[in-house]
S.K.: 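Structure provided below as structure tokens; questions to follow.
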Number of protein chains: 2
Amino acid sequence: MMVSSLRDVAALAGVSAMTVSNVINDRATVAPRTRAKVERALAELNYRPNLSARNLAGGRSGVIALGVPEIAIPYFAEIASMVIEEAERRGWTLLIEQTDSRPERESEVLNGIRPRLVDGLILYPSVLSPAEIAERADATPLVLFGGPAADKSTDHVVIDNLAAGRTATEHLISLGRTRIAVIGPLTEPRVDAESPRLGGYRQAITAAGLDWRDELIAHAPAYHRRDGAEAMRRLLTGPELPDAVFCFSDLLAAGAMHAALSSGVRIPEDLAIVGFDDIEEASFLTPTLTSIRPNKRRIAELTVRRLALSIEHGETHKPQLVVADHTLIRRQSTIGQG
Amino acid sequence: MMVSSLRDVAALAGVSAMTVSNVINDRATVAPRTRAKVERALAELNYRPNLSARNLAGGRSGVIALGVPEIAIPYFAEIASMVIEEAERRGWTLLIEQTDSRPERESEVLNGIRPRLVDGLILYPSVLSPAEIAERADATPLVLFGGPAADKSTDHVVIDNLAAGRTATEHLISLGRTRIAVIGPLTEPRVDAESPRLGGYRQAITAAGLDWRDELIAHAPAYHRRDGAEAMRRLLTGPELPDAVFCFSDLLAAGAMHAALSSGVRIPEDLAIVGFDDIEEASFLTPTLTSIRPNKRRIAELTVRRLALSIEHGETHKPQLVVADHTLIRRQSTIGQG
DNA sequence: TTCCTTCATTTTAGCGTTAAAAATCGGCGC
DNA sequence: GCGCCGATTTTTAACGCTAAAATGAAGGAA
């Protein structure tokens with residue numbers, strides 16, 4: 001089948017190319033009879049607009065980009081899947097960039113690797129600071145998601161990590177656990193501050209009148225399974241054996257759980273575990289994993305919606321910090337078969 | 001920072017736009033001194049080519065698309081990650097389409113949702129038949145990966161599923177297991193034939209002189225964890241209790257393992273399990289999961305390479321069926337702590 | 001010297017689309 | 001019948017780039 005252009009359609013319908021363009025874009029006032037004629041020709045030739053041409057002529061490309069550290073991390077894969085669906089709903093296609101959490105890659109993505117090709121960019125900022133993000137060269141509409149809030153100059157969709165950390169810890173406290181460990185990146189390199197999830201833990205521990213014990217705080221360089229397993233091994237051979245652990249991601253929890261079970265630790269009897277993200281895997285681990293569930297669908301929806309607004313209103317668009325909700329999902333890793 | 005065009009660079013360097021274009025694309029013979037001048041201007045203005053314009057002018061867009069059923073399925077996420085890396089190596093960016101295994105979506109992707117925007121397409125054909133794929137309207141270079149081989153008219157990267165199925169089953173037989181079950185989609189809807197993984201199982205069972213028992217063959221509608229869990233529950237309540245099970249994907253195995261462990265079945269003592277894909281999760285399940293590991297890196301590499309050839313040589317390019325290797329990775333779910 | 005090559009660079013034209021300006025077409029009021 | 005108006009459609013001119021053709025400059029051979 002031949003690829004047909006506006007001209008071909010115009011010729012077949014006996015009108016000018018511009019009229020066809022007007023019909024397609026539902027613009028100006030096209031007479032009903034003309035519209036019908038054009039639509040027939042459009043269908044007959046199976047016309048598909050050339051996006052490059054449209055983009056070049058000042059229109060939009062219909063492509064948006066999503067930048068994440070690694071698409072193979074389930075949390076990002078799940079988010080990407082939903083962002084694709086939301087984008088599709090608006091007739092957009094998604095282009096994916098992996099940053100590997102490397103500053104230069106993140107910066108490249110931010111400054112438009114595919115200049116002028118994408119209408120907008122959604123980025124999970126994993127290493128660049130708000131300042132570095134603010135001073136980017138590219139003018140492509142941008143929405144961030146995840147991580148601590150940047151400055152006010154950028155749209156940003158987050159969840160309340162502090163509250164989530166508190167909730168997770170309170171849940172463990174409510175089960176009567178007193179030696180509650182933590183596994184995860186303890187600091188937020190982007191803003192050079194304590195991780196808000198750790199902050200929530202601290203608040204809950206303090207509020208419950210429990211002792212803060214440094215030996216229960218296990219730093220993990222990243223959010224992978226192996227980091228969780230290593231941290232758990234350290235905790236298990238440490239001076240103070242925990243009776244619960246709050247992991248900053250489900251992957252960390254999966255690794256930690258594997259290390260614990262391999263050492264003969266019973267979950268949740270000896271050790272209760274709470275994860276974070278509620279990826280699908282959490283429901284199929286044995287025991288199933290209690291986890292903080294960020295509303296991913298909502299995050300995807302809000303992110304795409306903010307981006308749409310930014311793309312459509314350009315200069316007048318006002319960046320905003322949007323907070324999506326989260327819930328604690330109780331499963332066997334804390335409450336057992338109950 | 002301003003966005004500069006070829007003209008701007010040309011003006012600054014005191015040459016024509018075409019010369020700048022030649023320098024950028026490393027084409028024709030540009031005099032060393034001219035090249036140096038242009039390169040200085042290029043750097044000074046931080047020039048980035050406009051891909052839409054380049055694409056429109058008959059060049060390439062530098063974007064390729066990857067179509068998979070669901071990006072949130074770990075196997076596809078891992079493959080996507082590697083395809084992104086391979087693509088990046090060639091200066092390409094990857095656009096991702098989800099087909100949800102729906103024929104109309106798969107067909108849409110095949111026929112170019114983003115007409116003329118992508119230089120090439122990589123597709124995991126999950127529901128469309130080779131015939132339907134062969135008669136597509138779009139002329140964009142295409143490479144398939146996975147599933148049974150289509151006809152000779154399309155580039156296709158596969159692994160030897162029949163041999164892999166045989167290997168998995170032989171491994172279980174070598175452990176002395178005699179009631180070996182199977183969990184997975186039993187037929188290949190695309191070609192309306194038996195699944196080659198099931199074929200391999202059949203060959204191994206027959207060769208070992210074991211009985212074929214229909215009640216050990218558990219069909220799963222798809223490759224998800226829940227399908228594996230359901231199938232396992234059926235097997236456990238069925239007339240014949242298996243002492244081993246070969247699952248057609250690691251997700252199925254994860255679901256099956258969860259269902260089995262939840263029922264008090266010991267793995268591998270009571271039931272040995274082999275999965276397929278060797279996703280990262282397999283190494284962190286408890287017990288760790290024995291699995292067939294397709295060489296994913298190689299699949300990604302071959303796929304992108306075939307696509308590159310097809311894009312570069314167009315008409316003269318000869319489609320090929322390429323087979324990537326696979327290995328059996330032995331872990332605790334079959335051989336225990338050994 | 002003159003003409004032919006070869007190398008280096010520029011000019012021309014067009015990719016398919018859209019924004020903006022210009023043109024055409026029926027009325028309609030006077 | 002003339003001029004004007006709004007509704008509809010067409011023309012024109014880009015958008016930024018590249019392929020192909022044309023030009024120019026520098027050597028060599030005759």
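Throughout, protein chains are lettered first and strands after them, A, B, ... in sequence-line order, and every chain is numbered starting at 1.
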S.K.: The criterion is ring pair (Phe, Tyr, Trp, His ring centres under 6.0 Å); which residues satisfy it with A:Tyr75, sequence neighbours excluded?
M.R.: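 Result, ring pair (Phe, Tyr, Trp, His ring centres under 6.0 Å) vs A:Tyr75: none returned.
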S.K.: Mark up nucleotides 21-27 of chain D, 5' to 3', with B wherever a protein heavy atom is under 4.0 angstrom from a base atom, S wherever such an atom reaches only the sugar-phosphate, and - elsewhere.
M.R.: -------
S.K.: Considering residues at least two apart in sequence or located in another chain, which fulfil the salt bridge (charged side-chain N to carboxylate O under 4.0 Å, His left out) criterion with B:Glu188?
M.R.: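 Residues passing salt bridge (charged side-chain N to carboxylate O under 4.0 Å, His left out) with B:Glu188: none at all.
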S.K.: Roughly what angle, to 10°, lies between the helix axis at the start of the helix from C:dT1-D:dA30 to C:dC30-D:dG1 and the one at its end, five pairs per end?
M.R.: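 The value is 70°.
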S.K.: Give a yes/no on whether any side-chain N or O of A:Arg54 is located under 4.0 angstrom from OP1 or OP2 of C:dT18.
M.R.: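 Checking A:Arg54 against C:dT18: at least one side-chain N or O falls below 4.0 Å of OP1 or OP2.
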S.K.: In this structure, how many angstroms lie between the P atom of C:dT18 and the CG atom of A:Asp119, rounded?
M.R.: 13 Å
S.K.: For B:Met18 and for B:Ala57, locate the closest nucleotide of DNA chain C by heavy-atom distance; then report the residue assigned to the nucleotide nearer the 5' terminus.
M.R.: B:Met18
S.K.: Could you name each residue pair satisfying salt bridge (Lys or Arg N to Asp or Glu O under 4.0 Å) that touches residues 121-130 of chain B, not counting sequence neighbours?
M.R.: none
S.K.: Ignoring backbone atoms, establish whether B:Asn25 has a side-chain N or O less than 4.0 Å from OP1 or OP2 of D:dT18.
M.R.: yes
S.K.: Could you state the atom-to-atom distance from CG of B:Leu51 to C1' of C:dC15 in whole Å?
M.R.: 15 Å
S.K.: Return no unless some side-chain N or O of A:Arg27 is found under 4.0 Å from OP1 or OP2 of C:dA19.
M.R.: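 Indeed, a polar side-chain atom of A:Arg27 lies that close.
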S.K.: Tell me the interatomic distance from A:Arg33, atom CZ, to D:dT8, atom P, rounded to whole angstroms.
M.R.: 13 Å
S.K.: Just the rounded figure in Å: distance from P of D:dA19 to CG of B:Asn55.
M.R.: 12 Å
S.K.: Considering only D:dC17, C:dT9, C:dG16, which nucleotide approaches the side chain of A:Ser5 most closely?
M.R.: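 Closest nucleotide to the A:Ser5 side chain: C:dG16.
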S.K.: Choose from C:dA8, D:dT9, D:dT10 the nucleotide whose nearest atom is closest to any side-chain atom of A:Val15.
M.R.: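 The answer is D:dT10.
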S.K.: Please state whether the phosphate of C:dA8, meaning OP1 or OP2, lies under 4.0 angstrom from any side-chain nitrogen or oxygen of B:Thr29.
M.R.: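 Yes, within the criterion.
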S.K.: Can you measure B:Leu56 atom CG to D:dG16 atom C1' for me and round it to whole angstrom units?
M.R.: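 From B:Leu56 CG to D:dG16 C1': 9 Å.
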S.K.: It should be established whether B:Thr34 places a side-chain nitrogen or oxygen under 4.0 Å from OP1 or OP2 of nucleotide C:dT9.
M.R.: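 Yes, B:Thr34 has a side-chain N/O under 4.0 Å of OP1/OP2 on C:dT9.
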S.K.: Run A:Ile133 and A:Arg190 through side-chain contact (heavy atoms from CB on, under 4.5 Å) and show every step you take.
M.R.: CA-CA 10 Å; A:Ile133 291 175; A:Arg190 296 185 53 233; 3.7 Å; yes
S.K.: From CG of A:Asn22 over to C1' of C:dA20, roughly how many Å is that when rounded to an integer?
M.R.: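 Whole-Å distance recorded here is 12 Å.
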S.K.: If you assign each of B:Arg35 and A:Arg7 to its closest nucleotide in DNA chain C, which residue comes earlier from the 5' end?
M.R.: B:Arg35
S.K.: Classify the side-chain pair A:Arg27/A:Ser21 by whether it contains a donor and acceptor separated by less than 3.5 Å.
M.R.: yes
S.K.: Less than 3.5 Å apart, any donor N or O on the side chain of B:Glu132 or B:Ser107 sitting next to an acceptor on the other?
M.R.: no
S.K.: Measuring to OP1 and OP2 of D:dT10, would you say a side-chain N or O of A:Thr19 lies under 4.0 angstrom away?
M.R.: yes
S.K.: Could you work out, with ring pair (Phe, Tyr, Trp, His ring centres under 6.0 Å) as the rule, every residue matching A:Phe145, not counting sequence neighbours?
M.R.: A:Tyr124
S.K.: B:Leu45 has an atom CG; how far is it from atom P of D:dG16, in whole Å?
M.R.: 14 Å
S.K.: Heavy-atom count check: over 12 atoms from other residues, nucleotides or ligands less than 6.0 Å from A:Arg90 CZ?
M.R.: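 Enclosed: over 12 neighbouring heavy atoms sit under 6.0 Å from CZ of A:Arg90.
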S.K.: Among B:Arg306, B:Lys152, B:His156, which residue satisfies the side chain to side chain donor-acceptor pair (under 3.5 Å) criterion with B:Gln320?
M.R.: B:Arg306
S.K.: Taking only the side-chain nitrogens and oxygens of B:Ser16, find out if one of them lies under 4.0 Å from OP1 or OP2 of C:dT10.
M.R.: yes
S.K.: OP1 or OP2 of D:dT18 versus the side-chain N and O atoms of B:Ser21: is any pair under 4.0 Å?
M.R.: yes
S.K.: May I have the distance from A:Arg48 (atom CZ) to C:dT17 (atom C1'), rounded to whole angstrom?
M.R.: 17 Å
S.K.: Classify the side-chain pair B:Ser81/A:Gln98 by whether it contains a donor and acceptor separated by less than 3.5 Å.
M.R.: yes
